[in-house]
Amino acid sequence: MMKKGLYVTATPIGNLGDISARAKETLEKVSYVACEDTRVTRKLFSLLGIGQDKTFITYEDHSEEERAQKMIDLIRDKDAAVALVSDAGSPLISDPGYKLVHKCREQNIPVYVLPGCCAVISALQLSGLPTNRFMFAGFVPNRQKARGDLFDELSKVNTTLVFYETAPRLLKTLAAAAEVFCGREMAVAREMTKMFEECVNGSAEELMAHFTKNPPKGEMVLMVSPPLAKNQENIDVNGVLKELMEKMPLKSAVSEVVKAYGLNRNDVYRQAVKMKNES
Ligand code: SAM
């Protein structure tokens, strides 16, 4: 008999062998499973040899509030054990669940976590990019303006950046990244834990060349290493720009500075134009 509560349970992101013994035992024993898509979860249970003599309930954060409240009522009034799973990986990480967990906390409903696969963490581990500080920014926006604005904003953040991305959008995203993350090492971790797992490291331009030659397929995570200059406040960017602009055209001077210090191209360009107009 399981203790009543919500069991936030990670499932594999490709290789079925990655399910934990505790997750498997929990999924066997719970009476209810809250999932994104009952067909996907039933198939996973069948592949893992987990019995399906339980109630599967679809849950999304956009679902009506009542759906979340219904699960909470089951736990409170019927002493139910409810597992929360997503189609793959860790629930709540670019997947539904945080509203349900938040509601449970508000109403003093026990929540347990069963950790396991998470594409963000596996991608960082594969890439070799700095992991002491990182920022996960979810999926790269599809719209050009939103993508550009987000990249601009994040280019100033002094950590490794991690994004979820899809194959059809990768090349467009890399082209946008080349504008902003100049000179910064990037990596694409693809099909992790599956047969064609790979991680390709390089500049945005190098990655574009690679994925133009080898069209991207499957699931992927995009990462960007931190800005090259650890302490940008201490760099005399204006001084370096001024010196370079005396020797070469403005655009080339901007490119040199962007490459050397991993700064945002738009910011450096604006500063160069301002300096030119003032001189
Ligand atoms: N919650 C999940 C987790 O913990 O990893 C992620 C769910 S999110 C809806 C799906 C995205 O995760 C994919 O589009 C891809 O960016 C990434 N992803 C999931 N599995 C992956 C894999 N095996 N290899 C590379 N990326 C993966």
Side-chain angles (χ1 to χ4, degrees), residues 6-20 22-23 26-27 33-41 43-44 47-48 58-63 83-102 111-129 131 134-143 146-147 150-151 154 160-174 176-177 186-201 207 210-211 214-224:
L6 181 73
Y7 291 76
V8 182
T9 309
T11 54
I13 57 169
N15 189 323
L16 293 177
D18 292 334
I19 187 86
S20 75
R22 188 169 160 238
T26 300
L27 295 176
V33 178
C35 54
E36 292 179 81
D37 182 334
T38 54
R39 282 163 307 176
V40 173
T41 301
K43 186 169 170 211
L44 177 71
L47 291 169
L48 290 169
T58 49
Y59 174 77
E60 289 173 10
D61 280 332
H62 315 290
S63 315
L84 171 68
V85 297
S86 47
D87 284 352
S90 292
L92 280 79
I93 310 302
S94 283
D95 268 337
Y98 93 89
K99 287 188 179 165
L100 175 60
V101 171
H102 195 258
V111 180
Y112 304 99
V113 70
L114 288 85
C117 296
C118 179
V120 180
I121 302 300
S122 302
L124 282 165
Q125 290 167 322
L126 262 188
S127 72
L129 298 190
T131 49
F134 65 87
M135 180 175 170
F136 171 56
F139 276 94
V140 176
N142 189 21
R143 287 172 176 244
R147 185 170 51 220
L150 180 70
F151 281 0
L154 296 183
T160 295
L161 303 172
V162 187
F163 302 93
Y164 284 159
E165 187 46 292
T166 59
R169 298 186 196 166
L170 181 68
L171 282 170
K172 267 194 199 159
T173 292
L174 289 173
M186 298 178 60
V188 173
R190 212 175 59 77
E191 292 290 89
M192 292 181 296
T193 77
K194 304 182 202 173
M195 187 181 291
F196 296 107
E197 171 178 294
E198 71 168 354
C199 183
V200 189
N201 288 45
L207 292 179
H210 173 88
F211 286 110
N214 311 281
K217 286 193 196 121
E219 299 194 280
M220 57 198 56
V221 179
L222 173 69
M223 290 153 283
V224 185

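Note that ligands are numbered from 1 as they come in the structure, with each ligand's atoms numbered from 1 the same way.
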Below 3.5 Å, N or O to N or O, backbone or side chain included: is there any such pair between [X] and ligand 1?
{"X": "D95", "answer": "yes"}
{"X": "M220", "answer": "yes"}
{"X": "V120", "answer": "no"}
{"X": "Y164", "answer": "yes"}
{"X": "I93", "answer": "yes"}
{"X": "C118", "answer": "no"}
{"X": "M192", "answer": "yes"}

Q) For V224 and F151, what are the C-alpha separation, side-chain angles and deciding distance, and is it a side chain to side chain contact (heavy atoms under 4.5 Å, CB included)? A) CA-CA 11 Å; V224 185; F151 281 0; over 6 Å; no
Within the side chain of [X], is there an N or O that forms a donor-acceptor pair under 3.5 Å with the backbone of [Y]?
{"X": "S20", "Y": "G116", "result": "no"}
{"X": "S127", "Y": "L124", "result": "yes"}
{"X": "E165", "Y": "L170", "result": "no"}
{"X": "S90", "Y": "C117", "result": "yes"}

Does at least one non-hydrogen atom of [X] fall below 4.0 angstrom from an atom of ligand 1?
{"X": "G14", "value": "no"}
{"X": "T193", "value": "no"}
{"X": "F163", "value": "no"}

Q.
Could you identify the single nearest non-hydrogen protein atom to atom 25 (C) of ligand 1 and state the distance to 0.1 Å?
A. E219 O, 3.3 Å
**Q.** Protein contact of atom 4 (O) of ligand 1 - nearest heavy atom, named by residue and atom, plus distance
**A.** S90 N, 2.8 Å
Q. So between A119, S94, C117, A10, whose heavy atom ends up nearest atom 18 (N) of ligand 1?
A. A119
Q: Indicate, as side chain, backbone, both or neither, the part of A88 found under 4.0 angstrom from ligand 1 when only non-hydrogen atoms are considered.
A: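 Looking at A88 and ligand 1, just backbone atoms fall under 4.0 Å.
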Q | ligand 1-proximal atoms of A189, by part, heavy-atom distance under 4.0 Å | A | backbone
Could you tell me if the side chain of [Y] sits less than 4.5 Å from the side chain of [X], heavy atoms only?
{"X": "R169", "Y": "V140", "answer": "no"}
{"X": "D18", "Y": "I13", "answer": "no"}
{"X": "T26", "Y": "Y112", "answer": "no"}
{"X": "V85", "Y": "Y7", "answer": "no"}
{"X": "V188", "Y": "H210", "answer": "no"}

Atoms in ligand 1 with a heavy atom of [X] nearer than 4.0 Å:
{"X": "F139", "answer": "8 (S), 9 (C), 10 (C), 11 (C), 14 (O)"}
{"X": "K194", "answer": "23 (N)"}
{"X": "V221", "answer": "26 (N)"}
{"X": "E165", "answer": "14 (O), 16 (O)"}
{"X": "G89", "answer": "3 (C), 4 (O)"}

(Q) Please check if the number of heavy atoms outside F136 that lie under 6.0 Å from its CZ is greater than 12. (A) yes
Q: Step by step, work out the side chain to side chain contact (heavy atoms under 4.5 Å, CB included) result for E219 and E191.
A: CA-CA 5 Å; E219 299 194 280; E191 292 290 89; 4.0 Å; yes
